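Since this is a predicted model, take the numbers as computed values, not measurements. All chains are named by letter (A, B, ...) in the order of the sequence lines, taking the proteins before the strands, and each is independently numbered beginning at 1.
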4 protein chains.
Amino acid sequence: MSGSTFGKIFRVTSWGESHGPGLGAVVDGCPAGLPLKASDIQAFLDRRKPGQSSFATARKEADQVEILSGVFEGKTTGTPISLLVRNTDQRSRDYGNLAEAYRPGHADYCFEAKYGFRDYRGGGRSSGRETLCRVAAGAIASKILERLNIRVQAYARAIGPVEIKTFDPEQISRNPFCMPDAQAAQKAREYLEQCKKNQDSAGGVAECAIWNCPPGAGDPVFDKLDAQLAKALMSIGAVKAVEVGNGTKAAVSCGSQNNDGFHWDAEGALIKTSNYAGGILGGISDGSPILLRAYIKPTPSIARPQATADKNGENIRLRIHGRHDPVIVPRAVVVVESMAAITLADALLCGMGARMEYLEKIWKR
Amino acid sequence: MSGSTFGKIFRVTSWGESHGPGLGAVVDGCPAGLPLKASDIQAFLDRRKPGQSSFATARKEADQVEILSGVFEGKTTGTPISLLVRNTDQRSRDYGNLAEAYRPGHADYCFEAKYGFRDYRGGGRSSGRETLCRVAAGAIASKILERLNIRVQAYARAIGPVEIKTFDPEQISRNPFCMPDAQAAQKAREYLEQCKKNQDSAGGVAECAIWNCPPGAGDPVFDKLDAQLAKALMSIGAVKAVEVGNGTKAAVSCGSQNNDGFHWDAEGALIKTSNYAGGILGGISDGSPILLRAYIKPTPSIARPQATADKNGENIRLRIHGRHDPVIVPRAVVVVESMAAITLADALLCGMGARMEYLEKIWKR
Amino acid sequence: MSGSTFGKIFRVTSWGESHGPGLGAVVDGCPAGLPLKASDIQAFLDRRKPGQSSFATARKEADQVEILSGVFEGKTTGTPISLLVRNTDQRSRDYGNLAEAYRPGHADYCFEAKYGFRDYRGGGRSSGRETLCRVAAGAIASKILERLNIRVQAYARAIGPVEIKTFDPEQISRNPFCMPDAQAAQKAREYLEQCKKNQDSAGGVAECAIWNCPPGAGDPVFDKLDAQLAKALMSIGAVKAVEVGNGTKAAVSCGSQNNDGFHWDAEGALIKTSNYAGGILGGISDGSPILLRAYIKPTPSIARPQATADKNGENIRLRIHGRHDPVIVPRAVVVVESMAAITLADALLCGMGARMEYLEKIWKR
Amino acid sequence: MSGSTFGKIFRVTSWGESHGPGLGAVVDGCPAGLPLKASDIQAFLDRRKPGQSSFATARKEADQVEILSGVFEGKTTGTPISLLVRNTDQRSRDYGNLAEAYRPGHADYCFEAKYGFRDYRGGGRSSGRETLCRVAAGAIASKILERLNIRVQAYARAIGPVEIKTFDPEQISRNPFCMPDAQAAQKAREYLEQCKKNQDSAGGVAECAIWNCPPGAGDPVFDKLDAQLAKALMSIGAVKAVEVGNGTKAAVSCGSQNNDGFHWDAEGALIKTSNYAGGILGGISDGSPILLRAYIKPTPSIARPQATADKNGENIRLRIHGRHDPVIVPRAVVVVESMAAITLADALLCGMGARMEYLEKIWKR
């Protein structure tokens with residue numbers, strides 16, 4: 001309970017179920033004076049909208065956002081920004097036969113064990129639809145970062161076993177998988193065709209880069225920037241592993257390989273000669289690009305029959321009907337980007353009081 | 001700033017620097033009535049103590065803990081438990097020549113960028129010594145879990161490229177690497193000998209299992225159990241990746257492989273027929289063992305000279321003297337275990353109010 | 001910023017402005033299994049609705065609440081409950097001439113000083129309308145307490161200088177002032193007639209009693225029950241003083257008068273022989289009725305012309321038009337009751353883990 | 001439980017019991033670069049030290065503070081500042097006969113009801129000695145405010161029924177009651193002589209003024225500056241009422257009297273023509289002096305025999321021996337001042353991100 005708020009100063013509260021009246025977020029602590037309009041948020045929501053290709057669920061989700069508060073004459077006022085998206089196309093009958101089953105790979109049983117009963121319509125709160133709350137809030141966080149010349153960009157690094165070999169940012173929006181590599185995208189398409197034929201699903205990897213983040217963000221020892229980012233990403237439904245920088249590879253490296261040296265360049269700027277650390281040292285941003293990876297499990301809802309149990313003590317054979325993504329990675333990309341942006345915006349706001357001289361700059365009179 | 005407290009109800013505040021008067025933790029929110037004595041905590045601290053083998057720093061750290069509050073007549077009182085460990089063997093002269101350098105792989109530059117200056121003595125707050133605060137608090141969390149018949153156990157899964165092949169829990173305490181596989185431990189020894197000869201260091205993987213955790217722990221959508229654990233583990237100095245269950249492997253699996261089916265067994269108990277999820281579904285414990293992995297980078301302090309920069313604008317060649325662990329994984333094992341225990345104890349306390357019937361059980365009169 | 005959430009486990013997030021599209025609250029951390037329907041909340045909102053007498057603003061505020069999430073088949077699910085009230089009758093033209101003025105007794109100048117500009121329509125976020133967010137959430141908290149046999153009741157103790165002399169709970173709903181004393185209500189009416197004639201306004205005192213609160217609620221030393229209640233009440237717009245028990249009178253009492261003795265009664269129950277403490281000792285409920293008082297300033301918007309300044313550097317003479325309550329105490333009564341209920345519900349939830357035996361009761365297996 | 005931390009960014013964690021090894025505080029989130037030495041803190045602690053007159057307990061409490069972390073080369077580093085005060089003169093035998101009794105006006109029964117048992121030595125955690133943790137932290141907060149040219153000053157406004165008539169700041173340190181009125185101090189002395197003769201005790205009022213606070217501090221709607229201050233002050237053991245500005249008097253004023261007009265003065269500065277609001281409007285500082293009052297109950301420990309109950313079901317007649325202050329107001333003055341300073345320092349730190357332009361000033365590159 002009460003785990004639906006993220007952030008200390010830039011605070012995002014997520015609410016809503018897949019089959020209730022709607023979903024939304026309240027963003028408290030957004031600085032005043034940020035230009036913001038509904039279309040800024042809509043643009044983000046549209047990036048996670050399904051029905052954009054044959055590899056995403058055919059459900060139509062209009063996902064029109066309404067700003068209910070916190071914006072006046074086109075600018076944020078410093079008061080809570082409430083965002084609402086009405087559900088329109090729930091078709092709860094699709095899920096009727098699942099009311100008693102514990103679907104493999106889903107949270108059905110866990111919700112019931114925790115709360116004593118559950119909203120069985122399409123996953124309720126654990127539905128992927130919840131991520132639209134994050135994306136709506138992420139759009140605002142991204143606007144803040146943009147004003148500080150910081151750019152956050154996520155994309156698919158892998159779909160199932162198909163990994164990117166090149167990085168061409170132009171490609172990201174040109175294929176339905178958000179892959180920065182046209183050839184990999186083509187292979188991903190073939191892989192997913194096969195998955196669908198097998199009534200099966202695929203996972204993958206979303207990668208996120210943060211460009212031009214100033215050094216100094218993150219609060220050791222528990223609220224380190226990488227720790228907060230790990231929480232942010234792992235809190236996304238299907239994520240099973242999170243990496244920073246060279247991640248798991250660091251474990252098999254030697255110190256002499258893994259250490260990034262510092263260097264004063266010809267212009268007198270301090271740079272790092274490599275970036276295995278992924279832009280964070282000791283939990284604080286070091287000025288290099290921040291590099292994150294989220295490993296995403298295959299969609300648990302598959303058409304193929306599965307052996308499982310129901311709440312009445314029966315072992316059953318379950319067929320899940322309904323419209324489900326064969327892979328969620330492409331839609332998760334903007335969710336990862338949003339959570340990264342939210343986390344960084346909060347870290348920057350928390351870091352405003354790191355030095356007495358900053359306080360004096362704002363408050364002394 | 002103000003990132004030194006972890007947990008919502010079971011709250012651990014860590015303080016102290018490697019070369020100041022001491023370090024410690026305040027544990028607030030520990031339930032009353034838990035039997036606790038200094039030796040319970042000392043036993044945990046002794047597990048992270050250096051100087052226990054030739055593969056750990058030769059510094060002697062007595063690390064005697066004193067309980068300053070919160071315990072009366074052998075039991076916790078429900079009030080904050082303050083723990084103090086005095087520093088005794090700092091030898092700050094060892095670090096004198098590093099006061100101006102930005103050591104590769106260390107947080108020197110980041111602390112300076114954030115705070116305007118830094119405590120240059122042995123890493124100050126970003127020193128590995130800070131982890132003793134976590135271990136002291138982890139000992140208390142473990143005592144709580146023990147009373148609920150929950151057991152948390154961490155061990156080394158890999159040292160550098162050497163991975164365990166078998167799991168014999170008896171072995172964990174029988175080799176200096178905390179490996180549950182005697183043969184792997186022997187190979188790890190050889191690998192580290194080579195590292196030392198090369199004036200280099202190694203990383204590795206700490207794995208942690210939580211046995212008999214009841215279903216229902218964890219608070220979606222942001223304070224999911226796996227999200228909190230990811231934060232907890234990633235907040236440990238050298239961790240660069242965190243996995244739950246089959247982790248990164250999930251990304252290349254198909255749904256039909258990765259989904260764990262539920263099953264009512266002969267005794268009428270609900271079990272899972274596999275545990276790829278690692279005991280957590282939808283951010284809530286599912287009753288199966290919880291499985292975590294922390295990927296740890298190689299010790300950044302190596303004897304080999306390194307190219308880096310200093311604060312005066314000079315590019316320098318740095319030799320780090322002093323006594324440093326060639327690998328910190330064995331000492332990190334108890335830190336990982338402690339952070340997992342702290343996280344779970346907090347999740348269980350937060351979950352006490354998940355149902356009206358629980359409230360009625362405690363408060364109705 | 002980010003000050004719009006109250007509570008640690010039972011968390012209420014308030015959002016919305018008087019003249020935006022709507023207002024609402026997200027209640028996170030409500031235990032699952034609580035029967036709840038919109039009419040439960042509507043009943044509370046109706047108690048603060050204006051237009052119910054000639055002593056409240058003539059604005060019509062329909063204030064129809066919609067539950068957007070967190071309730072399924074008539075019961076709370078343990079997930080966030082989102083509540084929405086659309087604004088319908090804002091008439092922002094009424095406020096047009098105030099866009100540049102700093103109204104005396106209002107927060108106009110403060111919002112501008114803090115955020116750089118402000119929503120000048122009817123007070124924006126500092127409008128009394130924001131209290132409907134609290135009342136909507138308070139209705140839910142009250143339902144929780146009701147199930148624990150705890151009753152929270154607020155009423156007007158004084159309107160301007162007119163104080164109650166008797167306490168007849170039946171009377172509270174029988175006069176427009178929520179006074180438990182018919183004669184005092186009559187005098188209050190006369191007093192307010194005079195105020196209106198003078199184009200002036202009145203303040204008063206709201207009192208709140210909590211019956212049958214079990215001993216043990218409240219978390220010293222900072223989150224004491226009385227400290228949290230003081231914050232809760234002082235956070236209501238017009239409150240300028242908060243008392244617990246005999247309050248300010250304690251300061252002039254002697255210890256021998258002010259101390260409440262304990263006593264085992266004939267049935268073997270522990271009672272207090274007096275209740276000067278108002279049901280809270282050392283910040284923890286003692287089992288006696290909890291007694292609170294909130295002192296409320298006169299409505300700052302008065303028809304009488306006032307000398308003040310505007311943002312352009314001019315000293316002006318200001319006439320405030322529009323429809324304003326000559327006294328807000330009667331409408332504040334349910335707000336005080338709601339904040340008290342929210343605070344206590346949260347304290348009870350936080351206190352669930354006070355003892356190891358409680359944890360064992362819920363989690364041991 | 002877990003109620004021992006105050007503040008969101010400037011976070012104070014208090015720990016320790018009157019008769020354990022010691023007490024202390026951890027101050028996390030203090031900006032880096034603040035000059036700080038133990039004597040700064042000692043000066044504050046000395047102001048609350050008992051044994052300074054015949055009207056305070058004769059216990060000798062050396063109360064020597066030690067800074068254990070967070071300060072390097074005379075300046076704060078931005079990391080947690082841990083403060084320790086060892087207990088030296090506990091004489092726990094004094095309290096032996098109270099182990100089973102529920103002392104009137106004390107929290108004995110409440111702690112037992114909450115936690116199942118209690119530390120019966122001198123009140124344990126609910127002892128007035130806990131306030132030294134607050135004062136130690138308050139000294140640091142005051143140093144921060146001082147650098148921003150903000151001054152916090154508390155004093156005794158009343159001792160029992162004796163109220164000050166004049167305000168001469170010079171007098172505050174010249175009488176043992178911290179009264180800014182020499183004549184009132186003389187009368188207070190006489191009143192207390194009488195109390196002691198009667199084996200009784202007195203209460204009083206501590207008042208606190210904050211000078212030169214910039215407008216804009218405080219975060220509506222729940223973390224309003226006055227709400228946080230009310231919590232801060234009410235969390236001090238013996239406080240039973242808190243007022244801001246004209247406080248309870250506002251309730252009997254008319255709007256036309258109570259409203260403070262704004263005015264541009266000859267120098268072009270915006271001032272208020274009166275300050276009934278006490279420097280806070282809508283929960284945000286308005287630039288005028290902030291005025292607070294804490295009403296303090298009489299010391300509950302009195303020598304006179306009292307009727308009460310014990311934990312064994314007996315109604316008893318209790319004599320409390322030991323050394324107790326006949327009035328705690330003079331010693332509470334610095335506690336009130338400290339809590340006010342802590343609250344304001346935190347509010348200023350939280351307010352650093354109120355505007356996008358502030359963020360740009362610190363973080364844009």
Side-chain angles (χ1 to χ4, degrees), chain A residues 7-11 28-36 69 75-80 140 143-150 211-217 219-223 269 282-285 287 344-365, chain D residues 7-11 28-36 69 75-80 140 143-150 211-217 219-223 269 282-285 287 344-365:
Chain A
K8 205 188 288 194
I9 297 285
F10 186 84
R11 295 173 71 75
D28 196 15
C30 181
L34 179 76
L36 185 71
S69 67
K75 283 188 296 181
T76 57
T77 58
T79 64
I140 300 174
K143 291 277 289 184
I144 293 174
L145 298 180
E146 205 177 273
R147 298 272 292 207
L148 303 171
N149 298 327
I150 302 168
W211 307 94
N212 200 39
C213 176
D219 290 324
V221 295
F222 294 121
D223 297 344
I284 301 173
S285 62
L344 182 56
D346 189 44
L348 293 172
L349 280 159
C350 287
M352 294 283 291
R355 304 188 193 183
M356 270 313 297
E357 60 183 280
Y358 296 165
L359 259 99
E360 289 168 22
K361 214 175 270 192
I362 307 295
W363 284 115
K364 197 166 183 173
R365 68 169 191 176
Chain D
K8 203 189 289 194
I9 297 284
F10 187 84
R11 295 174 71 75
D28 197 16
C30 180
L34 178 75
L36 185 71
S69 67
K75 284 189 296 182
T76 57
T77 59
T79 63
I140 299 174
K143 289 277 289 184
I144 293 174
L145 299 179
E146 203 177 275
R147 298 271 293 207
L148 303 171
N149 297 327
I150 302 168
W211 308 94
N212 200 39
C213 177
D219 291 323
V221 295
F222 295 121
D223 297 344
I284 301 173
S285 62
L344 183 56
D346 189 43
L348 293 172
L349 279 160
C350 287
M352 294 283 291
R355 305 186 192 185
M356 269 314 297
E357 60 183 279
Y358 297 165
L359 258 98
E360 289 167 22
K361 213 174 272 192
I362 306 295
W363 285 115
K364 197 168 184 172
R365 68 168 190 177

Review point. Side chain, backbone, both or neither: which part of D:Pro215 has a non-hydrogen atom closer than 4.5 Å to chain A?
Key: both
Revision key, fill the gap. CG of A:Leu349 to CG of D:Leu359, rounded to nearest 0.5 Å, is 4.5 Å
**Study point:** With sequence neighbours excluded, residues passing salt bridge (charged side-chain N to carboxylate O under 4.0 Å, His left out) with D:Lys75
**Key:** none
Check your understanding: At their closest point, which heavy atom of A:Pro31 faces which heavy atom of D:Met356, and how far apart are they?
Key -> CB-N, 3.6 Å
Review point. Say you draw a straight line from CG of A:Asp223 to CG of D:Asp28; how long is it, rounded to the nearest 0.5 Å?
Key: 8.5 Å
Practice item. Under 4.5 Å, counting heavy-atom pairs only, tell me which of D:Ile150, D:Val221, D:Leu148 racks up the most with chain A. Key: D:Leu148
Review point. Are a donor atom and an acceptor atom from the side chains of A:Arg365 and D:Asn149 found within less than 3.5 Å of each other?
Key: no
Point to revise | Flag side-chain contact, heavy atom, 4.5 Å: D:Leu348 against A:Ile362 | key: no
Study note, to complete from the structure: Distance col, row D:Lys364:NZ vs A:Asn212:CG, nearest 0.5 angstrom, shows 11.0 Å
Practice item. For residues A:Trp363 and D:Pro214, report the shortest heavy-atom separation together with the two atoms involved. Key: CE3-CG, 3.4 Å
